[in-house]
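Remarks on the structure that follows.
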Amino acid sequence: MATAAAPVAATVNGMAVDRVVFALNGQRYEVAGVDPSTRLLEFIRTQTPFRGPKLGCGEGGCGACVVLIAKYNPETDEVTEFTASSCLTLLYNINFCSIITTEGLGNSRDGFHSVQERMSGFHASQCGFCTPGMCMSIFTSLINADKSKRPEPPNGFSKLKVSEAEKAFSGNLCRCTGYRPIIDACKSFASDVDLEDLGLNIFWKKGDRKPDVSDLPHYTLGGGVCTFPDFLKAELKSSLDHLNNPCIADSREGWYHPRSIKEYYELINSCFFSDSVKVVVGNTSSGVPGYKDQDLYNKYIDIGGIPELSNIVRRESGFEIGAATPIARTIEILEEECESISSPNGSVVFRKLANHMSKVATPFVRNTASIGGNIVLAQKYPFPSDIATILLGAGATVCLQVVAERRQITLEEFLEQPPIEATTLLLSIFIPHWIPDSGTKTSLLFETYRAAPRPLGNAVSYVNCAFLGHASVDEQSDTLVLSNLRLAFGAYGTEHAIRAKKVEDFLTGKSLTASVVLGAIQLLRETVVPMEGTSHPEYRVSAAIGFLFSFLSPLSKGIPEPGKSLTSSSADSAVTDDVCNMPLSTRRETVFSDEYKPVGEPIKKYGVELQASGEAVYVDDIPAPKNCLYGEFIYSTQPLAYVKSIKFKSSLASEKIVSFVSAKDIPSGGQNIGSSFSYGDEPLFGDPVAEYAGQALGIVIAETQRYADMAAKQVIIEYDTKDLGPPIITVEQAVENSSYFEIPPEMYPKEVGDVSKGMAEADHRIPSTEVKLASEYYFYMETQTALAVPDEDNTLVVYSSSQYPELAQSVIARCLGIPFSSVRVITRRVGGGFGGKAYRSFQVATAAALCAYKLRRPVRMYLNRNTDMVMVGGRHPVKAHYSVGFKSDGKITALHLDLLINAGISPDASPIIPDAIISSVKKYNWGALSFDIKLCKTNISSKSVMRAPGDTQGSLIADAVIEHVASALSLDANSVREKNFHTYGTLQLFYPDSAGEASTYTLHSIFDRLISTSSYLDRAESIKEFNSNNKWRKRGISCVPLIFKVDPRAAPGRVSVLNDGSIVVEVGGIEIGQGLWTKVQQMTAFALGKLWPDGGESLLERVRVLQADTLNLIQGGLTAGSTSSESSCAATLQACNMLIGRLKPVFDRLQQQSENVSWDTLISQASKDNVNLSASTYWVPGKVSNKYLNYGAGISEVEIDLLTGAITLLRGDLVYDCGKSMNPAVDLGQIEGSFIKGIGFFVYEEYLTNSDGLMISNSTWDYKIPTVDIIPKQFNAEVLNTGYNKNRVLSSKAAGEPALVLASSVHCALREAIRAARMEFANSTVSGRSPLEFKMDVPAPMTLVKQLCGLDIVEKYLESLST
């Protein structure tokens, strides 16, 4: 046998790729001997100086890692550029490619690119973690538009169109900005833009004059960046000449690149290949939960280089597309075919396929994912593919190579085969060309549909369909008759897409009437049956029925068409047929004050260009120290169990384990502590009992983060539940077992008035009614991360992404049993926090420190997204019951609440939540208010503070009560709201410690202003008309007020002036994207600028704000509650005033000698005079004066589709009182961003857990935060400046959190739209109850909307037409 194997070995080695050559930002890289499973992102971040691309999810679902890849074709001398997810792209896949990261567009040394400068100038970057990926997506969209054959745009513009700008970054997630300013930055390049429509920016002031493109950083057509360097072109050409000489490499593990089908089979059949081989094209399936790599592979076969797999063959009957063709290229080919087809109706199939495919995944995944890979996934697994379904509907066939034999079979047959092995190769897909028969009077029909939580894609479908057929007119009955039907359904919880054959047969040849359509739908119910365990099964069936109804009803006699109005004239000429495609528009109004220049000016964010160019350093960007190791948590999957043993199965990944650290490794004198609060501690490890699913049990240590992550998947944990009671998962179980945390008496909110008396006075009462709010995950773009470096004398330096470094220091020290002074925690900036980087960040910092302390080597931990989601917890779920008494005119006399708050396993900051909830409920005058609040201790991950904690839940509960009262009295909800607004007198009663002076109570004027500027009353009327004219689409509008109590905390500050006059500032507050550093910079320039006639604006450039360091500036405190910017500014102002006091005498003396004293002269003289040029301070807010209330109001208008439950936000209007804003641009960004984040909580984000309390919606695939395609189509935000207040820092007010609460207006508007739907189909609700009474929990995604509108409304409607 040995002799026979030799030629095979030579052949196999001939296909082995032992090195890869590519360009990165114009530099040549040659890499050899690298692990073939290395991703491009990992290589860039660990082996090159570039840190722009970030790891956000590892799934191709967020866009933080997006890079530009350019390929060169020497035959045509053409370069093609596309975006790609570098977290999925394998390094060996980019041989002879050129890669550009954001640093390659522009940087601080070579100058910034106009994309980066405009992102900065339009205030489109807050925490900045997503910005490099955004820049790459936008840049690539621009240069690809510029290559098109469109006419030359005016100088300074791209060929991009405004309508494309919104799609330019449709797959990129941002959790901070709310997307609006990013759209503006992108639109500014569009040739058809009206610059006056763009929002707030630093290039021109609104209303000054007509803006001109010359005001913007100049854009060069084509991008102005060389994407493919000449040296690589030359090297690629010369390599093609040598292709025929195989490079022999004795590669036992590695990357194989067969160049023919024959070579592929030689590889597969050779003795080299065992189980750990992976066949790849784009490797994007490794980002799909359920199909991710469960172990390392040491051999890869890249079939992308086999010519037959990339061929595109056009024939008369259709065209064949190679299986390795990327989905994006497939879309282009389909669109090209549409252009070239002469018959008017013939291109309909191709056009609709292309349109549907463009909603699959994200642009940067479609660019590398192959069409064949998608179909093979759908064939081998129950993968909910859209592409398989629509190609099945279009009658596609596939060509397979099975060893030596080639087979042509239908896609349907292929999907029904048993899962294929590596010996079967999918070569190509043939899409037939459907042309209506010119001889007969038949017309071709083709439609595709998908029901998914996001319109533009990046979301898996709940159900998808494609329907094809021919229609001809039956002369006798004047009805349409269908033939050649293909009705394909998929993704509804099926093994693979199917054809509804019974329905096809039933419909064929019948005259289409309401009763025939009803018959088809009843048959469909029997056909579309979701598998056991599928989520939302009834919804999926109902949506499938809705799609078939949409397809058939316009063709049927006697059924009014669903999409169109019922009257001939449209109710509103602006109503486009598809509201999803409406252009986005915006109005942002702010008032600037120059009283305290440069404070109050909308200057750009401190260091924002560095965020755009990828040069801003986050924790994971700090270069790894020598001998650095990497850690990943192993967590429990059981909620209450003894951990008997932890083992690892034998696998390639397990071989990478360097060490395992657990509770046994905590030094003597140290404690098992991972987090701490004023109310108690939380352990680092579950030992000996795991108390909840998701609790850390230990840490796997490996040489790279990917190895550690993969090794953690190999764990086998043995549990034992003997002698342990059942776990407490729900608040109901907590009540049964009296499992509560104590709420300290001083934290318990105060009741108002006498509720029993108020109930007695009421004309009507609503007894106990339930409202439930689920949890929400933080979804900061940068997951929890820390780097711990051992230092001399058993001390440690820990770089932590934390909102509370001071407490992190104490937790680490207590865990290790060393003095606080031996631990230095440093935080420069945080890639998004929202409260999740406060108490929840300590665990990662402490774990990394423990590992580093034990192993005496640096240890870095950067949690992968799935682990982060499972372990970190989130917002508090709340179950409320309310009883309310009210008069016939809507005046409420009494409200009683019973609240159950699920706090999870530890107290964390939960004891502050009851007061926050009640404070928010108190925004209305309830007459009398009483409550009973239980803080439930359960065996789930600890819930913690999250942007506007408590207030978010309380506000919704308050508005649910108001709307229930309005509905019971059949009154307009807004009139009931206004009737129960506070007078200044009752405001003092409900908010005794923070009501302030009467002049500061601005809510009435804000509400009135919003009602008038948003034309609320006119819109409410036109919505009524719209709803009466549209059976299958309904609209709702709602207006919500906001009262938010703010309580500033103490803060340290230090300002130092160096000898050259540059200024260094240190504050306790952490920059988490909220613009804290920017405001501190402005405050420093203002305060030190008091000595000069030209003020402080010239000093701005000279101010540097330093990172937080717990041994440098102590008592830094917690950055949260929207007040840290104010407190840090107050401390800075105090320190500056101390410096002014010292510098004034020197200044006066110098002024006697000469008129103009420059800053440099002054500092130089002060230094000679030994003046102390550094001032430290600790600002403490006044006992009474500093608490205050924030006011605002928001109106949202929504439209729902009754057939699918799909939600479109038509418009949002916000008015918010910012006091005197320190930076209107920063505050406006905070207001818009928090509002959009709130929409996520109230509508889209489903925090799903299994019966053990383990989070299962733990990926970008299952957890849907708002994307650019779901924000309001028209979004107007106004920041009010409401004058002077001596008790606040330069009269400013907090802006980071309060506006989030206004997003409950979207939930309320949805309720109005659903109410209209239930009125329309009133006969189909539960008997005996009014259709207007229904319970709508939070969140309210499309599945719930559809359920509340009725899952059987189509059948009921058709039955009524048929009788």
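Using a 4.5 Å heavy-atom cutoff, the side chains of L1228 and Y1216 are not in contact. Counting only heavy atoms from C-beta outward, the side chains of V965 and I892 approach each other to under 4.5 Å. Looking at P877 and L773, their side chains never come closer than 4.5 Å, going by heavy atoms from C-beta outward. With a 4.5 Å cut-off on side-chain heavy atoms, L897 and I918 count as touching. Here the side chains of P949 and I913 are in contact, with some heavy-atom distance below 4.5 Å. In this structure, K1335 and E770 have side chains that are in contact, with non-hydrogen atoms separated by less than 4.5 Å. Using a 4.5 Å heavy-atom cutoff, the side chains of N1029 and E1025 are in contact. In this structure, the side chains of L1209 and I1271 stay at 4.5 Å or more apart for every pair of heavy atoms.
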- [ ] Start with the C-alpha distance between M946 and E776, add both sets of side-chain angles, then the distance that settles side chain to side chain contact (heavy atoms under 4.5 Å, CB included), and finish with yes or no.
- [x] CA-CA 9 Å; M946 181 169 191; E776 178 188 17; 3.5 Å; yes
Task: side chain to side chain contact (heavy atoms under 4.5 Å, CB included) between Y1191 and T1282, worked out - done: CA-CA 11 Å; Y1191 305 105; T1282 53; over 6 Å; no
Open item on the list: Run R1211 and E1197 through salt bridge (charged side-chain N to carboxylate O under 4.0 Å, His left out) and show every step you take.
Closed with: CA-CA 5 Å; R1211 182 166 165 182; E1197 183 182 345; 5.8 Å; no
TODO: Apply the test side chain to side chain contact (heavy atoms under 4.5 Å, CB included) to residues I1195 and R1019: give CA-CA distance (whole Å), side-chain angles for both, the deciding distance (0.1 Å), then the verdict.
DONE: CA-CA 11 Å; I1195 293 183; R1019 284 162 60 202; 4.3 Å; yes
TODO: In sequence, state the C-alpha distance, the side-chain angles, and the governing distance for Y1001 and H982, and then conclude on side chain to side chain donor-acceptor pair (under 3.5 Å).
DONE: CA-CA 10 Å; Y1001 179 42; H982 286 291; 5.7 Å; no
Open item on the list: Please determine whether side chain to side chain contact (heavy atoms under 4.5 Å, CB included) holds for the pair F1334 and M1336, giving the CA-CA distance in whole Å, both sets of side-chain angles, and the decisive distance to 0.1 Å.
Closed with: CA-CA 6 Å; F1334 56 93; M1336 181 167 150; 4.2 Å; yes
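Salt bridge status for K1034 with E1199: absent, with no side-chain N to carboxylate O gap under 4.0 Å. A salt bridge does not link E1359 to K1356: none of the charged side-chain nitrogens sits closer than 4.0 Å to a carboxylate oxygen. Ionic pairing of K879 and E732 is present here: one or more N-O contacts between side-chain nitrogen and carboxylate oxygen are shorter than 4.0 angstrom. A salt bridge is absent between R1033 and D1201; no separation between the charged side-chain nitrogens and carboxylate oxygens falls under 4.0 Å.
The backbone N or O of I1270 lies less than 3.5 Å from no partner atom in the side chain of Y179, so there is not a single donor-acceptor pair. Distance alone, capped at 3.5 Å, is enough to place a donor-acceptor pair between the Q953 side chain and the G950 backbone. The closest donor-acceptor contact from the side chain of T893 to the backbone of E761 lies at 3.5 Å or more, if one exists at all. The main-chain N or O of L1351 is found under 3.5 Å from a side-chain atom of S542 such that the two form a donor-acceptor pair. Side chain of D1213 to main chain of S1014: no donor-acceptor pair is present (N/O by atom type, distance under 3.5 Å, no hydrogens or angles). A side-chain donor-acceptor contact under 3.5 Å links R1318 to the backbone of P1331. Panel note: side chain S955, backbone D951; no donor-acceptor pair is recorded below 3.5 Å.
Partner of D959 under the side chain to side chain donor-acceptor pair (under 3.5 Å) criterion, chosen from R1311, R977, H1307: R977.
For the pair R1035 and F1026, the cation-pi test (distance below 6.0 Å, angle within 45°) is passed. Cation-pi geometry between K1045 and Y991 is not satisfied (NZ or CZ under 6.0 Å from the ring centre, within 45° of the ring normal). Within the cation-pi definition used here (under 6.0 Å to the ring centroid, within 45° of the axis), K1293 does not qualify as a partner of F1044.
Under the 30°/60° scheme for interplanar angles, the aromatic rings of F931 and Y748 are found to be tilted. Ring planes of F886 and H764: parallel class, angle under 30° (limits at 30 and 60°). Ring orientation note: the planes of F981 and H1004 are nearly perpendicular, at an angle over 60° on the 30°/60° scale.
A distance of 4.5 Å separates CE in M1342 from OG1 in T1204, rounded to the nearest 0.5 Å. Considering SG of C1349 and CG of L1344, their distance stands at 9.5 Å, rounded to 0.5 Å. Annotation: the span from S920 atom OG to I1043 atom CD1 amounts to 9.0 Å, rounded to 0.5 Å.
E1297 and S1122 share a side-chain donor-acceptor pair at under 3.5 Å. Side chains of H896 and S930: a donor on one and an acceptor on the other come within 3.5 Å.
When ring centroids are compared, W1032 and F549 come within the 6.0 Å threshold.
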